[in-house]
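To start, the structure itself, in structure tokens.
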Amino acid sequence: MAVVSPLDLLDLDALLTDEERDVRALARRVVDDRVRPYVADWYERGEVPVRDLSLEFGKLGLLGMHLTGYGCAGASAVAYGLACLELEAADSGVRSLVSVQGSLAMYAIWKYGSEEQKQRWLPGMAAGELIGCFGLTEPDHGSDPANMATRARRDGDDWVLTGGKMWITNAPVADVAVIWARTDEGVAGFAVPTSTEGFTAREVKLKLSLRASATGEITLDDVRVPESARLPTARGLKAPLSCLTEARFGIVWGALGAARDCLETAIAYAGTREQFGRPIAGFQLTQAKLADMTLELQKGYLLALHLGRRHDAVGLRPEQVSVGKLNNVREAIKIARQCRTILGANGISGEYPVLRHANNLESVLTYEGTSEIHQLVIGQKLTGLSAFAG
Ligand SMILES: Cc1cc2nc3c(=O)[nH]c(=O)nc-3n(C[C@H](O)[C@H](O)[C@H](O)COP(=O)(O)OP(=O)(O)OC[C@H]3O[C@@H](n4cnc5c(N)ncnc54)[C@H](O)[C@@H]3O)c2cc1C
């Protein structure tokens, strides 16, 4: 009997354009050639060749691909989402590299930067020659960035930044850091060259999740930058939050990639693994698991595609992206853990991608707004009452 892959059951490909399928094929190819054969080893060593991958992704137009001008590809939101899905099917850390570069660091400069800042940074970042990071979270301020401790004070024509940022993806290898700091006029953003005196980024060690990703702790010790480093139109916290909305959209798709990879792995494994004299895929309990996971994967995909089409047509409201991130990451992690059970002891081995995906999704569940925060965003919209504080 013919076997159908989980995302083909409903012929969902019929909902994509030829161009979207082409972008997906391109992302799949680079992932198959440059990531899949090596990623388990990167994960085990806790090291990833960010520069090599950036150059490779840059060549293919995957960095800042949904932005226009300055060397960016100007692809649709759906095409960008499909690329995120394929990247994360290999590893969430690799998708994070691309998301942070394109949707956080590049987007912040593209949306809020001066023409000079855009010319200086964006073409090199789109090509993968320059790497960016986005520093909002601090050791003591994660879900509540409004209370950030990092300060920028004016000193003549310059700004002097003091404070620290924590859990910053790409920071240990970045050329430019978009740093959010409190000023007398509210939160402001700065495009800080990481070579500036007083700027240091230390690799965060002992991570048990997202190990194929460079994560850093940034210290800002009287970092002096000129006024021309300030993102001129970024006023208040809504500026970094708008960047997060962009990046979360990529996660809505990306998480499905991790889930798909787990499910495909589990189906293949169950088809060949025999217990009690027959393939475990033939047991009803296994099939019930596979069927239920496939339903969630496809529902998540339809949700992502709906959000993508709305994004391309009219843009998305933050609470709409919260629906997508909350649902798709939560379901993806459930799928990864369920698939893990199907692989038995092999499920905990790095020979298979399943527990690596599950562990990675623990980070994805937390970053770019925890599940609880997205529940509160949706709850606020439904009730008109904010439950965030007090
Ligand atoms: C691998 C990794 C990479 C990251 N990359 C970046 C990056 O590139 N740039 C960046 O700026 N940040 C980054 N982050 C940080 C991430 O965005 C934060 O970890 C996240 O926002 C949560 O903050 P926190 O860890 O301080 O948790 P906390 O805010 O301390 O939350 C702890 C728990 O309390 C809950 N909670 C908090 N407030 C409320 C409330 N009002 N009601 C109910 N529950 C609440 C949370 O949901 C969570 O369960 C990264 C994190 C990780 C793990």
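Counting convention: from 1, in listed order, for ligands and their atoms alike.
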Exercise for review: Closest by any non-hydrogen atom to atom 18 (C) of ligand 1: pick that one out of Thr137, Ile218, Leu244.
Suggested key: Thr137

Review point. Short list, please: which atoms of ligand 1 are under 4.0 Å from a heavy atom of Tyr367?
Key: 2 (C), 3 (C), 4 (C), 16 (C), 17 (O), 50 (C), 51 (C)

**Study point:** Sub-4.5 Å side-chain heavy-atom contact between Ser371 and Val329
**Key:** no

Check your understanding: Does atom 34 (O) of ligand 1 have any protein heavy atom closer than 4.0 Å?
Key -> no

Exercise for review: Select the closest option to atom 27 (O) of ligand 1 among Ala174, Ser143, Ser209, judged by heavy-atom distance.
Suggested key: Ser143

Revision key, fill the gap. So the atoms of ligand 1 within less than 4.0 Å of a heavy atom of Leu136 turn out to be 11 (O)

Review point. Do any N/O atoms on Thr169 end up under 3.5 angstrom from N/O atoms on ligand 1?
Key: yes

Review point. Can you list the ligand 1 atoms lying under 4.0 Å from a non-hydrogen atom of Leu376?
Key: 40 (C), 41 (N), 42 (N)

Review point. When only distance counts, is Trp167 in polar contact with ligand 1, meaning an N/O pair under 3.5 Å?
Key: yes

Practice item. Treating Ile, Leu, Val, Met, Phe, Trp and Tyr as nodes and any side-chain heavy-atom pair under 4.5 angstrom as an edge, say whether Tyr352 and Leu355 lie in one connected cluster. Key: no

Review point. Counting heavy atoms only, which of Thr370, Asp144, Leu104, Thr215 is nearest atom 22 (C) of ligand 1?
Key: Thr370

Review point. What protein heavy atom sits nearest atom 49 (O) of ligand 1, and how far off is it?
Key: Glu372 OE1, 3.4 Å

Exercise for review: Specify whether the nearest protein heavy atom to atom 6 (C) of ligand 1 is under 4.0 angstrom away.
Suggested key: yes

Practice item. Please examine the side chains of Glu227 and Asp157, heavy atoms only from C-beta on, and report whether any two atoms are closer than 4.5 Å. Key: no

Review point. If only atom types and distance count, is the side chain of Arg21 paired as donor or acceptor with the main-chain N or O of Asp13 below 3.5 Å?
Key: yes

**Study point:** Residue part near ligand 1, for Glu368, under 4.0 Å between non-hydrogen atoms
**Key:** backbone

Review point. Of the listed options (Ala247, Gly142, Pro240), which comes nearest to atom 24 (P) of ligand 1 when hydrogens are ignored and any heavy atom counts?
Key: Gly142

Check your understanding: Val39, Leu97: one ILVMFWY side-chain cluster at the under-4.5 Å cut-off?
Key -> yes

Review point. Hey, does Leu210 come in under 3.5 Å of ligand 1, counting only N/O atoms on both sides?
Key: no

Review point. For Phe388, is at least one N or O under 3.5 Å away from an N or O on ligand 1?
Key: yes

Review point. Can you find a pair of side-chain heavy atoms, one from Val98 and one from Phe57, that are under 4.5 Å apart?
Key: yes

Check your understanding: Looking at Phe134, which atoms of ligand 1 are within less than 4.0 Å of one of its heavy atoms?
Key -> 7 (C), 8 (O), 9 (N), 10 (C), 11 (O)

Revision key, fill the gap. for atom 19 (O) of ligand 1, nearest protein heavy atom and its distance come out as Thr366 CG2, 3.6 Å

Review point. What protein heavy atom is closest to atom 39 (C) of ligand 1, reported as residue, atom name and distance in Å?
Key: Ile373 CD1, 4.0 Å

Practice item. Give the cluster check for Leu87 versus Val252: same hydrophobic cluster or not, with ILVMFWY residues linked at side-chain heavy-atom distances below 4.5 Å. Key: yes

Review point. Are the side chains of Phe249 and Cys84 in touch, meaning some heavy atoms are under 4.5 Å apart?
Key: no

Check your understanding: Hey, mind stepping through Glu372 and Thr370 against side-chain hydrogen bond (donor to acceptor under 3.5 Å, both in side chains) and telling me if it holds?
Key -> CA-CA 5 Å; Glu372 293 80 5; Thr370 64; 3.3 Å; yes

Check your understanding: Would you say Gln101's side chain and Leu130's backbone share a donor-acceptor pair under 3.5 angstrom?
Key -> yes

**Study point:** Numbered atoms and elements of ligand 1 in range of Ile168, under 4.0 angstrom, heavy atoms
**Key:** 7 (C), 8 (O), 9 (N), 10 (C), 11 (O)

Check your understanding: Does the protein put a heavy atom less than 4.0 Å from atom 30 (O) of ligand 1?
Key -> no

Review point. Hey, are the side chains of Leu326 and Arg330 touching, using non-hydrogen atoms and a 4.5 Å cut-off?
Key: yes

Review point. In this structure, which one of Ile168, Val223, Thr150 forms a side chain to side chain contact (heavy atoms under 4.5 Å, CB included) with Ile218?
Key: Ile168

